[in-house]
Protein chains: 2
Amino acid sequence: MIDAAGLRVMKAIADEGSFTSAANALGFTQPAISQMVRRLEQRTGTVLVERYGRQVRLTEAGQVLARHAVGVLAALDAAEEEITAIAGLRAGRVRLQAFPSSSATLVPRTLAILKARHPDITVTFTEAEPPESLAALRNGDCDVAVAFAYEGGDLGELEEDLSLLVTRRLMDDEVRLVVPGTHPHAGDTAASLADFSDEEWIAGCPRCRGHLLSLADTAGFRPNVAFETEDYVAQLGLVTAGLGVALVPDLILNAAKHDEVATLPLSPASRRQILAVTTPDLQRVPAVAAALDALCEAAGADPKASTAELVGAKA
Amino acid sequence: MIDAAGLRVMKAIADEGSFTSAANALGFTQPAISQMVRRLEQRTGTVLVERYGRQVRLTEAGQVLARHAVGVLAALDAAEEEITAIAGLRAGRVRLQAFPSSSATLVPRTLAILKARHPDITVTFTEAEPPESLAALRNGDCDVAVAFAYEGGDLGELEEDLSLLVTRRLMDDEVRLVVPGTHPHAGDTAASLADFSDEEWIAGCPRCRGHLLSLADTAGFRPNVAFETEDYVAQLGLVTAGLGVALVPDLILNAAKHDEVATLPLSPASRRQILAVTTPDLQRVPAVAAALDALCEAAGADPKASTAELVGAKA
DNA sequence: GTCTTCCATAATCTTCGGTTATGATCAGGA
DNA sequence: TCCTGATCATAACCGAAGATTATGGAAGAC
């Protein structure tokens, strides 16, 4: 029945004292005000303005509207201001979830970039393996998930999960074989997985373990997994202690100390993709977009090149 | 940029959790909500709603709007309620100005009627002679003026003042000649003014004095005005003391004690009209209309018969 | 798989809310 | 006194907002 425009007009009339100057103040023409008042009057069923000759005066009801207008318009302005603050990155919130090994290097660098560029954005960060982070994304508990996908057989599994999500490729993470420094093959320039079929293996997270099994299967053996731990520092510790060998991505090796082990490139090489994942809608939220850019930059990827690389369901 | 309708929609979505149920709650169809959200989004330049398959969730910006909506809509409702209270006579204000001799009988009766019928209306009352009360009416300081107009020459003067005002005829007030009880003509059934040409006269307010002069002029003499006072009790007192004769309207005689004087009807009779005056706009304000009705009733006039008796400028 | 339940889109129509053009009235001044 | 300027009202018009119905596509339930 009463809308913001009507209140604005009533307040302008109260402030300016005439239809004409109210119209000027609001950037309208005079008849617009005339009609607006008439509409308001027939909507409310009351007389709002008293016309006496060429001057107008608000009736009591009109004064009531003008009085309320102040508060309502202030509230609307506040809302608008808050919205534009979010849109203009002067505020906003990003909830980031990243898998553990990325939180050592990629995430801190990202947060630093984001903080420097948009200090008013609040970023919350949670560590989560890709299945969980993607679930959180779908569930609305997370805005950006940093996930990884192994090239090869395992990729298909993740791809299914990416339906209707938007991904940005951050970097390729090469997987290396880590052996104790004292290992006979420690000095090799590359490692063929088949040569390590008799070793005891140290596996990481479930999906890393799946990748190990997949690679080993291709190499023609079934690895003897002696230890399993999601803690990659522990993995390296176990290898250092001579308790086995492990497949460890570069990202982890760059982050963690690994002086007493040898890291051998695989032959054939195996990589995993590090991806930033979000939804098509969230992608357009400025704070989220800024976070994605920061992630790309932190990963050393060209933000432009990888922008809007959409992974459809079965496309 | 943001209007009440948009806020209402955002709040409904927040409350209901889906477009469809929000549409039902607001009495719209689902596409209306879809379009409204889209419009809001392109107006604000931000994503307000996240679509996850078949469910929707508000983004941070959307939640901001929904949060502000509560306050804004409450304020709008409050304004509307206040307006309808005025329209429904559950609130409102009437500022009444009446000339002194009416405030003795007519006004108290009117206020009593008004109080009984619409206890929530606040009435303010000021005593003022017609010229002042009409000026206040024009000036917006008064909603209803109770004025009087002498029939005859003097009426024209007031008529000019009534341009663009609305009058309601409340009653006819017969003017009588008041003489001391000991006066030779005290026992007469009627008085011809010419018979009192040699008397000393006691005049009232300026316009009453003008009326006296006008009547005397018609009767062919120029009255000897010995005293002038706007206090009608004093006038009667002066007559009682034998200091002169006076023309006094019935309204005053009914209100004030006048045991020791004789009141003679004039021949030819002379009357003044008691009028309620307001503006065409104010006439439609419920509280003002109620006051006019109460005035008519207090005056014993038929409210219907005298309604909307418009006195135009030169019509 | 089918079926239901969501939201999105398209086409259409009404109403709102603005414009320009014009008229009527009042105030002020030559 | 009669212009003249300022003000509000009204009419005709027009574009866009905002609703509708009809339809399609995707997600989830069975």
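Chain naming here is simple, since letters A, B, ... match the order of the sequence lines and numbering starts at 1 in each. All values derive from a computational prediction rather than experimental measurement.
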Residue [X], side-chain atoms from C-beta onward, closest of [options]:
X: B:P31; options: C:dA10, D:dA9, D:dA19; result: C:dA10
X: A:F19; options: D:dC8, C:dT19, C:dA8; result: D:dC8
X: A:V56; options: C:dG18, D:dC8, C:dC7; result: D:dC8

Query raised in the report: Near DNA chain D, which residues from residues 34-43 of chain B have a heavy atom under 4.0 Å away?
Result: B:Q35, B:R39, B:R43
Report task. Tell me, with the steps shown, if A:Q30 and A:S34 meet side chain to side chain donor-acceptor pair (under 3.5 Å). Result -> CA-CA 6 Å; A:Q30 169 266 314; A:S34 265; 3.3 Å; yes
Query raised in the report: Within the structure shown, what part of the strands sits under 4.0 Å from A:T20 by heavy-atom distance: base, sugar-phosphate, or nothing?
Result: sugar-phosphate
Query raised in the report: Checking all strands, does A:T29 fall into the base, sugar-phosphate, or nothing category for heavy-atom contacts under 4.0 angstrom?
Result: base
In this structure, how many angstroms lie between the [atom2] atom of [N] and the [atom1] atom of [X], rounded?
X: B:I2; N: D:dA17; atom1: CD1; atom2: P; result: 16 Å
X: B:I33; N: C:dC6; atom1: CD1; atom2: P; result: 14 Å
X: A:D3; N: C:dT15; atom1: CG; atom2: C1'; result: 13 Å
X: A:Q30; N: C:dT19; atom1: CD; atom2: P; result: 10 Å
X: B:N24; N: C:dT5; atom1: CG; atom2: P; result: 13 Å

**Report entry** Inter-residue atom distance A:S102.OG - A:L295.CG, 0.5 Å rounding
**Finding:** 8.5 Å
Query raised in the report: Who are the side-chain hydrogen bond (donor to acceptor under 3.5 Å, both in side chains) partners of B:E127, not counting sequence neighbours?
Result: B:S103
Query raised in the report: Under a 4.0 Å N-O cut-off, is there an ion pair linking A:R51 with A:E41?
Result: yes
Query - Test: A:R43 and A:D3 ion pair at under 4.0 Å - result: yes
Report summary line: In terms of heavy-atom contacts, A:R207 and A:F148 come closest through NH2-O, 2.8 Å
